[in-house]
Number of protein chains: 2
Amino acid sequence: MFNNKELLEVKDRILKEAQQLFIRRGYKGTSVRDIAKASGTNVAMVNYYFQSKYNLFEIIFEQALDVLTKRVFETITSDRPIFELIEIWIHTYYEILFEYPEIPTFILNEVSLNPEGLTQRIKNRNPYGAFSKVAQRIEDEAKKGEIRETPAADFLLNILSLCMFPFMFGNLAMTLMEIPRDAYDELIASHEKYVIEFTINALKPCK
Amino acid sequence: MFNNKELLEVKDRILKEAQQLFIRRGYKGTSVRDIAKASGTNVAMVNYYFQSKYNLFEIIFEQALDVLTKRVFETITSDRPIFELIEIWIHTYYEILFEYPEIPTFILNEVSLNPEGLTQRIKNRNPYGAFSKVAQRIEDEAKKGEIRETPAADFLLNILSLCMFPFMFGNLAMTLMEIPRDAYDELIASHEKYVIEFTINALKPCK
DNA sequence: GTCTATAGCGGGATAGAC
DNA sequence: GTCTATCCCGCTATAGAC
């Protein structure tokens with residue numbers, strides 16, 4: 001509901017269009033004028049509701065962090081069998097990124113352009129909590145002989161790499177291969193299965 | 001040699017500082033005034049030698065592409081044994097990115113902000129040539145039973161993911177873990193070894 | 001709450017003196 | 001080749017009428 005632009009309150013229309021523009025064109029590449037025009041209002045309204053461009057940007061940035069972290073944190077702290085957990089973990093990332101493919105590029109890029117201002121916002125979410133639980137899990141499974149000896153931090157980084165990079169590479173890949181969005185989506189969907197298989201093969205001991 | 005700023009010609013000083021600034025702050029985040037000041041000259045000189053900001057940017061962008069592609073293309077078309085080739089392939093990426101860690105973020109970000117203008121420049125390099133040779137190689141080795149059945153495109157994407165993402169993630173990781181550049185460099189160096197092991201384990205059939 | 005008008009700054013580019 | 005001065009534009013933010 002409320003897909004109709006006209007039915008949304010001005011404030012929400014601004015938020016919605018700001019999200020599109022900031023994520024696609026970045027902070028520097030987006031002007032308050034662009035946001036005002038896209039949401040069918042004017043510059044004064046944007047500042048009336050959000051005080052400043054940067055303040056509006058911070059709200060969008062936090063929303064993007066939510067998308068990338070909330071569901072995944074829930075998923076990886078569950079008590080499923082280890083290979084099932086890994087499969088669902090990867091699948092959750094692909095499902096999220098299928099819907100919001102530009103978010104990893106957006107976040108990493110804005111953080112690298114403005115580290116002082118933005119990293120604290122990520123730290124506030126305490127990502128260590130969720131990840132240390134996974135680390136413990138990996139250690140236990142290795143002791144049981146279910147998986148190979150595996151440094152948890154390196155493994156975590158591999159999962160992030162294998163899930164995020166294909167979407168960050170998407171724009172480039174599509175134009176290089178001269179295929180439209182749909183076709184790349186299909187490639188990505190089959191890539192997900194390969195990534196799961198690849199990861200599980202890498203972890204499984206050869207008995 | 002010529003490390004001393006004063007000994008370089010004005011044109012080369014501008015190129016050098018423009019590289020730093022464009023790669024670190026992006027096209028939109030860098031002004032011609034910044035470049036002029038950093039190279040100890042003025043705006044008029046930058047335009048005298050390079051006509052426009054965008055023209056100068058294109059030169060820097062091409063240089064960045066060179067860094068990321070030239071050595072790797074040579075490496076992966078060699079006739080080494082397959083596992084040795086994979087090890088050297090990954091190692092080459094890590095060696096390059098150790099020296100220029102910001103380049104993948106820079107390229108992917110600028111392409112996503114300006115796809116029409118920049119992707120043609122990548123296509124011109126004909127990356128298919130090198131990659132199709134690797135694809136053939138993977139197919140042959142799978143037939144011989146040296147490695148598992150492996151879709152070449154997916155495998156290539158995994159290699160890119162596992163090599164590039166850790167550097168793109170670097171800025172964020174460093175501030176999250178509250179460690180300085182040196183410490184992250186050490187983590188990356190040991191991560192390289194894990195990535196090689198991980199990849200080879202994923203490929204090796206369990207005999 | 002909404003809008004027009006404008007202040008005030010920083011951007012890219014160039015004219016023209018030397 | 002080099003530099004100063006300047007044009008003109010687009011940006012963020014706000015004042016003030018309604």
Side-chain angles (χ1 to χ4, degrees), chain A residues 2 4-63 106 109-110 112-114 116-118, chain B residues 2 4-63 106 109-110 113-114 116-118 121:
Chain A
F2 292 129
N4 189 327
K5 207 189 207 183
E6 300 307 317
L7 294 179
L8 289 171
E9 299 294 335
V10 175
K11 191 175 175 181
D12 292 327
R13 287 207 318 260
I14 293 171
L15 267 178
K16 193 179 161 222
E17 300 298 330
Q19 190 185 64
Q20 299 279 329
L21 288 167
F22 278 136
I23 289 179
R24 283 189 155 73
R25 303 191 200 162
Y27 181 75
K28 285 263 182 187
T30 304
S31 73
V32 179
R33 281 162 148 88
D34 293 338
I35 295 169
K37 186 181 280 183
S39 43
T41 178
N42 59 69
V43 180
M45 281 289 93
V46 177
N47 280 302
Y48 173 75
Y49 281 112
F50 298 98
Q51 292 77 55
S52 73
K53 176 188 175 183
Y54 187 71
N55 193 56
L56 173 53
F57 173 78
E58 287 184 306
I59 294 169
I60 304 301
F61 186 80
E62 292 276 357
Q63 287 180 354
F106 169 68
N109 194 55
E110 297 300 336
S112 95
L113 294 177
N114 176 16
E116 319 80 43
L118 297 178
Chain B
F2 292 129
N4 190 324
K5 206 190 207 181
E6 300 308 316
L7 294 181
L8 289 170
E9 299 294 335
V10 176
K11 191 175 175 181
D12 292 326
R13 287 207 319 259
I14 294 172
L15 267 177
K16 193 179 162 219
E17 300 299 330
Q19 190 186 63
Q20 299 279 329
L21 287 166
F22 277 136
I23 288 179
R24 283 189 155 74
R25 301 192 199 161
Y27 181 74
K28 285 263 183 188
T30 304
S31 72
V32 178
R33 284 167 151 86
D34 293 338
I35 295 169
K37 187 181 279 182
S39 43
T41 179
N42 58 70
V43 181
M45 281 288 93
V46 177
N47 280 302
Y48 173 75
Y49 281 114
F50 298 99
Q51 292 77 54
S52 73
K53 177 187 175 184
Y54 187 71
N55 192 56
L56 173 54
F57 172 77
E58 286 184 307
I59 293 169
I60 304 301
F61 186 81
E62 292 276 356
Q63 287 179 354
F106 169 67
N109 194 54
E110 297 300 336
L113 294 178
N114 175 16
E116 319 79 43
L118 297 178
R121 301 187 165 269

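Residue numbering restarts at 1 for every chain, and letters A, B, ... go by the order of the sequence lines. Note that the structure is a prediction, hence the values are computed from the model and not measured.
Between A:Lys11 and A:Ile14 the shortest side-chain heavy-atom distance does not fall below 4.5 Å. For the pair A:Ile35/A:Lys37, no side-chain contact is recorded, criterion being any heavy-atom separation below 4.5 Å from C-beta on.
Counting only N and O atoms by type, the side chains of B:Ser31 and B:Asp34 include a donor and acceptor under 3.5 Å apart.
Atom C1' of nucleotide C:dT2 and atom NZ of A:Lys11 are separated by 16 Å, given to the nearest angstrom. If you measure from atom CZ of B:Phe50 to atom P of D:dT2, you get 12 Å, rounded to the nearest angstrom. Distance B:Ile35 CD1 to C:dG11 C1': 12 Å, rounded to the nearest Å. The distance between atom NZ of B:Lys37 and atom C1' of C:dG12, rounded to the nearest whole Å, is 16 Å. Remark: P of C:dG12 and NZ of A:Lys28 are 10 Å apart, rounded to the nearest angstrom. Computed from coordinates, the B:Leu21 CG to C:dG12 P distance equals 12 Å when rounded to whole Å. Put simply, CZ on A:Arg13 is 13 Å from C1' on C:dG1, counting in whole angstrom units.
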Under 4.0 Å protein heavy-atom contacts per nucleotide of nucleotides 4-18 of chain D, with B for base, S for backbone only and - for none:
B------BBBB----

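Summarising the geometry of B:Leu118 relative to B:Glu110, their closest heavy-atom pair is CD1-O, 3.5 Å, with the distance given to 0.1 Å.
Contact check, A:Thr41 against C:dT2: no side-chain N or O comes under 4.0 Å of OP1 or OP2.
Using a 4.0 Å heavy-atom cutoff across all strands shown, A:Tyr49 reaches sugar-phosphate atoms only and no base atom.
Partners of B:Tyr54 according to the ring pair (Phe, Tyr, Trp, His ring centres under 6.0 Å) rule, which considers only residues two or more places apart in sequence or in another chain, are B:Tyr27. Applying the side-chain contact (heavy atoms from CB on, under 4.5 Å) test to A:Leu15 and every residue at least two apart in sequence or in another chain returns A:Asp12, A:Phe50, A:Leu56, A:Ile59, A:Ile60, A:Gln63.
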